[in-house]
Each structure stands twice: as C-alpha cells, then as structure tokens.
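Encoded as structure tokens, the structure appears first; notes follow it.
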Number of protein chains: 2
Amino acid sequence: MDFSIGELARRTQVKVPTIRYYEQIGLLAPPPRTEGQQRRYDKKSIARLAFIRHARELGFNIEAIRALLSLQDNPDQSCSVADRIASARLAEVEERIASLSALRTELQRMLKECACGRVAECRVIETLADSTHRHGRLAEN
Amino acid sequence: MDFSIGELARRTQVKVPTIRYYEQIGLLAPPPRTEGQQRRYDKKSIARLAFIRHARELGFNIEAIRALLSLQDNPDQSCSVADRIASARLAEVEERIASLSALRTELQRMLKECACGRVAECRVIETLADSTHRHGRLAEN
DNA sequence: CTTGAACCTCTAGTCACTATAGGGACTAGG
DNA sequence: CCTAGTCCCTATAGTGACTAGAGGTTCAAG
C-alpha cells in the first residue's frame with residue numbers, strides 16, 4: 001500500500017523534483033524511507049499533494065497554501081480565514097484580468113495601425129518610442 | 001546637457017538599479033563616465049529607456065525588447081518582424097486572460113458556496129481537497 | 001573644506017520551480 | 001547470484017527580471 005516518489009508523481013501529475021521541493025520547504029511532511037533512504041508514500045500523501053496542486057492551479061502562492069493546509073488540519077476553526085485567502089486571490093485575479101485587458105486593447109491598436117511596410121513607419125515601433133505614452137504600471141506578465 | 005543616472009531614473013520612472021541592470025545585460029549601451037566613474041546620460045538615453053519601459057509595460061520580455069530595439073536601430077528593415085513579435089505577445093495576453101477568467105469563475109464559485117461556518121464544512125477547503133477536480137495547467141500567476 | 005546625498009561595484013535574495021552532476025537502490029531476467 | 005536498466009538520492013546552480021544590501025567613493029552646495 002505504499003509507493004515510490006515516481007508513483008506519487010504519476011498519480012498526482014506533480015513532477016518528482018517538485019515533490020521533493022515541497023518537502024524541503026515544509027509543505028509536505030517528510031515521509032518514511034526504505035532502508036536505502038528512498039521515500040515511501042501512502043494514500044494520504046496523494047490527497048495532500050493533490051490539494052496543493054489544485055491550490056497552485058488556482059494560483060495561490062506557497063504561503064497561502066501553507067495557511068490553507070493548516071486550516072484543513074484544524075477543521076474546527078472558523079472558515080473565515082480560508083474565505084479571506086480565497087477572496088484575496090480572487091481580487092488579484094480580477095486586477096490582473098483588468099490590466100491584461102488594457103494591454104490587449106493597446107496591442108490590438110498597435111497592430112491594426114501597422115501597415116507593415118518598413119520599420120521607419122511602423123506603428124508598433126513608433127508606439128513604443130512615443131514619449132507621450134501614458135505611464136501605467138509594468139505588466140507582471 | 002548630460003545628467004546622472006538618478007536624473008535619468010527620475011525622468012523615465014525607471015529605478016536606478018534597473019537601469020544598471022539593463023546596461024549589464026546589454027539592453028542599454030554603457031554611457032560615458034565622469035572622471036570619478038559616474039555614468040552620464042543624454043537625451044537619447046531617455047528615449048531609449050522610455051522605449052524599453054513602454055515595451056516592458058506591455059509585457060514584452062527582455063529578448064523581445066532586444067529584437068525590437070535592433071529593429072528601431074535599422075529602420076530600413078521590414079516591419080513584419082515587429083509585427084510578429086507584437087502578435088505573439090497579443091496571443092500570450094489573450095491566452096492569459098482566458099485562463100485567468102476560468103480561475104475567476106472557479107474562485108467565485110468556491111466563495112459563493114462557502115457558508116462560512118467551520119472549516120470542516122468549508123467549500124473552499126473542500127473544493128481544493130476534491131480529488132475529482134479537473135486537471136488544468138498550473139496558473140502562472 | 002565639510003557635509004550629505006547620490007553614486008559606484010559586487011554579491012545575494014526573490015518565487016516556484018527545473019536542470020544537472022555524480023552517485024546509490026531496487027527489480028526483473030538469466 | 002549477477003547484471004542491466006530504471007528509478008531514486010543529495011547537493012548545487014540556473015531561470016527572469018529585477019531588488020536589496022554592504023561597504024566604499026564622488027559630487028555639488030554652502
């Protein structure tokens with residue numbers, strides 16, 4: 001009923017080095033080892049790692065996941081902490097969408113106006129060089 | 001007509017260490033120095049750095065900016081390279097928006113269903129722990 | 001000439017992994 | 001029992017685009 005790190009990786013779709021990384025930073029408890037020092041996992045490990053993976057998919061950072069895991073381990077606490085973490089993440093996502101939408105608009109405008117001749121009259125390059133450009137925040141991606 | 005790195009930073013809204021970083025990685029040419037080895041910039045530096053800043057605001061990565069700058073330096077080339085770089089960026093942005101929109105939906109659902117009682121019946125935690133969860137790609141932010 | 005802000009280089013840290021090197025353990029077949 | 005091949009181990013360094021800090025030097029104003 002116990003299995004290797006590679007098997008855990010296969011079952012959770014999390015890469016082997018990532019699992020070791022999660023252990024190193026304390027997201028996953030160090031599992032028992034074989035005599036030859038190889039890690040052995042059980043079903044609970046799958047659940048825990050899947051939890052982490054789902055949280056990462058939703059973009060929670062490691063600190064948030066640490067908090068969410070500790071909530072899961074203490075089910076008698078109020079849910080409001082989890083709620084606050086998820087709300088904060090939602091706010092981030094919404095802000096991100098808004099700023100990317102603005103980027104999209106600007107990129108579309110640049111591209112539409114580009115007649116695709118020489119660089120000398122290229123709207124893409126011109127737009128970037130335009131010193132009267134509004135100053136937004138840097139795109140984080 | 002020439003000025004310090006701090007002045008350049010002030011005029012372009014790019015931080016001093018970032019300017020030195022751009023020089024180090026070859027995005028900005030090393031400027032002349034005073035006898036005491038302090039950098040001295042001119043108006044052209046402002047234009048170049050502003051260009052870089054605008055490109056970063058639009059989320060172009062350093063390699064893309066390197067290419068865009070070299071296009072600007074050779075204005076007789078075809079504009080199609082710039083067009084392709086910008087189009088690729090637009091595609092990235094659109095993909096990002098799509099995946100963040102999916103995240104938003106899921107976060108909203110989690111939060112709406114959370115009755116905010118004990119963690120034991122918290123939908124936020126439950127959703128994360130749900131092993132039947134669809135497997136999307138990890139959110140890159 | 002003195003003060004103090006701004007400048008210099010160099011190194012290390014951020015985040016969440018990913019890659020590599022150089023080895024040891026486990027399993028199936030002969 | 002031996003071997004081949006796959007998996008596993010640790011430790012270190014690299015990614016992108018900066019940011020922070022230490023420890024020292026230069027500049028401009030008064």
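Note that these values count all heavy atoms, side chains included, but never hydrogens, waters or copies made by symmetry. Labels below follow one simple rule: chain letters A, B, ... track the order of the sequence lines, proteins then strands, and each chain is numbered from 1.
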Side-chain donor-acceptor pair present, Asp73(B), Ser70(B), cut-off under 3.5 Å: no
Residue met sooner reading DNA chain D from 5', once Glu35(B) and Glu63(B) are mapped to nucleotides: Glu63(B)
Please tell me which of Pro17(A) and Gly36(A) maps to the more 5' nucleotide of DNA chain C, matching each residue to the nucleotide holding its nearest heavy atom. Pro17(A)
Are Ser80(A) and Asp83(A) close enough that a side-chain donor and a side-chain acceptor fall under 3.5 Å? no
Does a side-chain N-to-carboxylate-O contact under 4.0 Å join Glu7(A) and Arg10(A)? yes
Atom OH of Tyr21(A) and atom C1' of dC17(C): how far apart are they, to the nearest Å? 6 Å
What is the distance, to the nearest angstrom, from the CZ atom on Arg40(B) to the C1' atom on dC7(C)? 8 Å
On the nucleotide dC8(D), are OP1 or OP2 found under 4.0 Å from the side-chain N or O atoms that Arg33(A) carries? no
Please check the phosphate of dA16(C) (OP1 and OP2 only) for any side-chain N or O of Tyr22(A) closer than 4.0 Å. no
Begin from the C-alpha positions of Arg20(B) and Glu23(B) and carry the test salt bridge (charged side-chain N to carboxylate O under 4.0 Å, His left out) through to its verdict. CA-CA 5 Å; Arg20(B) 286 196 278 249; Glu23(B) 180 182 330; over 6 Å; no
Nucleotide nearest Thr34(A) when distance is taken to its side chain, options dC27(D), dT18(C), dA25(C): dA25(C)
When the distance from CD of Gln38(A) to P of dC9(D) is rounded to whole Å, what number comes out? 6 Å
Rounded to the nearest Å, what distance is computed from the CG atom of residue Leu27(B) to the P atom of nucleotide dG16(D)? 13 Å
Whole Å only: how far is the CD1 atom of Ile19(A) from the P atom of dC17(C)? 12 Å
To the nearest Å, how far apart are Ile25(A) CD1 and dT14(C) P? 13 Å
Can Glu63(B) and Arg66(B) be counted as an ion pair, charged N to O under 4.0 angstrom? yes
Under-4.0 Å side-chain N/O to phosphate OP1/OP2 contact, Thr18(A) with dT18(C): yes
Calculate the interatomic distance between Gln24(B) atom CD and dA20(D) atom P; express it in whole Å. 16 Å
Kindly point out which of dT19(D), dT18(C), dA17(D) is positioned nearest to the side chain of Ile62(B)? dA17(D)
Distance check needed: dT19(D) P versus Arg20(B) CZ, whole Å only. 13 Å
OP1 or OP2 of dC8(D) less than 4.0 angstrom from a side-chain nitrogen or oxygen of Ser4(A), does that happen here? yes
Check this one for me: any side-chain N or O of Arg39(A) less than 4.0 Å away from OP1 or OP2 of dT10(D)? yes
Sugar-phosphate only, base, or nothing, as touched by Arg10(B) at under 4.0 Å among non-hydrogen atoms: nothing
Please determine if a side-chain N or O atom of Lys15(A) lies less than 4.0 Å away from the OP1 or OP2 oxygen of dC17(C). no
